[in-house]
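Read through the structure below, which is laid out as structure tokens, and then see the notes.
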Amino acid sequence: MSEQAPNSARLLPWAGADGKPCYVVGNGDGQVSRAADRVEAMQLGMAYELLDHADDMVDDDRSTSVQLRHLAAALAYSLRDVHRVARSRGLRLGIPDAFEPDHPTGPGLVRLGP
């Protein structure tokens, strides 16, 4: 994506040590950014497939409470991934981020220079 300013940090779609957010600095066309684009595409595709599975399970009267709890956990995990992708893309488009620095998906866009 070319909307990102060269002096900004991109929120990556994976967490680092201790679950802390990871960033890459640069113009968005490097190897790490391309890998992040692939991971984001995979996360979004998996979320779509999980939604189809959720529709099937909710419609099935034979689904057990254990299965539905597992589904809810998978949906929550996937939603965190999709939220991180949405935040990252919004930040790269210049959409202000009102999340606090200690939010689980990390602080907003970090400007590194004038």
Side-chain angles (χ1 to χ4, degrees):
M1 301 188 88
S2 60
E3 291 88 358
Q4 183 179 14
N7 64 344
S8 61
R10 173 185 178 176
L11 176 62
L12 295 173
W14 54 77
D18 301 322
K20 295 184 181 191
C22 289
Y23 296 89
V24 64
V25 178
N27 59 12
D29 61 0
Q31 192 172 26
V32 174
S33 288
R34 287 191 300 275
D37 290 340
R38 288 190 299 274
V39 170
E40 286 180 356
M42 181 184 66
Q43 289 171 328
L44 295 174
M46 290 173 61
Y48 185 78
E49 291 176 14
L50 183 58
L51 287 172
D52 280 346
H53 181 61
D55 287 339
D56 293 341
M57 285 192 70
V58 169
D59 289 341
D60 186 353
D61 292 335
R62 297 171 298 172
S63 295
T64 68
S65 61
V66 171
Q67 289 171 318
L68 293 172
R69 277 196 303 275
H70 179 73
L71 174 66
L75 287 167
Y77 186 87
S78 182
L79 184 58
R80 283 185 194 92
D81 286 343
V82 170
H83 181 257
R84 186 184 302 262
V85 170
R87 284 192 70 215
S88 177
R89 292 181 179 186
L91 291 169
R92 285 182 281 152
L93 291 172
I95 298 171
D97 185 17
F99 285 105
E100 63 274 2
D102 59 347
H103 189 274
T105 58
L109 188 63
V110 178
R111 292 286 176 196
L112 301 176

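We number each residue from 1, following the sequence as shown. Basis for what follows: all heavy atoms, side chains included, without hydrogens, waters or symmetry-related copies.
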Share the residues that join Leu44 in a hydrophobic cluster, the rule being Ile, Leu, Val, Met, Phe, Trp or Tyr side chains under 4.5 Å apart at the heavy-atom level.
Val82, Val85
Residues sharing Val66's hydrophobic cluster, by side-chain heavy-atom contacts under 4.5 Å among ILVMFWY, directly or via others?
none
Any donor and acceptor pair, going by atom type alone, linking the side chain of Ser63 with main-chain N or O of Val58 inside 3.5 Å?
no
Of all residues at least two apart in sequence or in a different chain, which pass the salt bridge (charged side-chain N to carboxylate O under 4.0 Å, His left out) check with Asp56?
none
Mind checking side chain to side chain contact (heavy atoms under 4.5 Å, CB included) for Val32 and listing every partner two or more places apart, or none if nothing turns up?
Leu12, Trp14, Val24
Student check: side-chain heavy atoms of Gln43 and Arg84 closer than 4.5 Å
no
For Cys22 and Ala15 the tightest heavy-atom approach is SG-C, 3.7 Å
Nearest heavy atoms of Ser33 and Arg10, plus distance in Å:
O-NH1, 3.2 Å
Does the pair Asp60/Arg62 count as a salt bridge with the N-to-O cut at 4.0 Å?
yes
Taking atom CE of Met57 as the centre, does the number of heavy atoms from other residues, nucleotides or ligands within less than 6.0 Å exceed 12?
yes
Run the side-chain donor-acceptor check on residues 67-74: report pairs under 3.5 Å with partners two or more places apart or on a different chain.
unit_1: Gln67; atom_1: OE1; unit_2: Thr64; atom_2: N; d: 2.8
unit_1: Gln67; atom_1: OE1; unit_2: Thr64; atom_2: OG1; d: 3.4

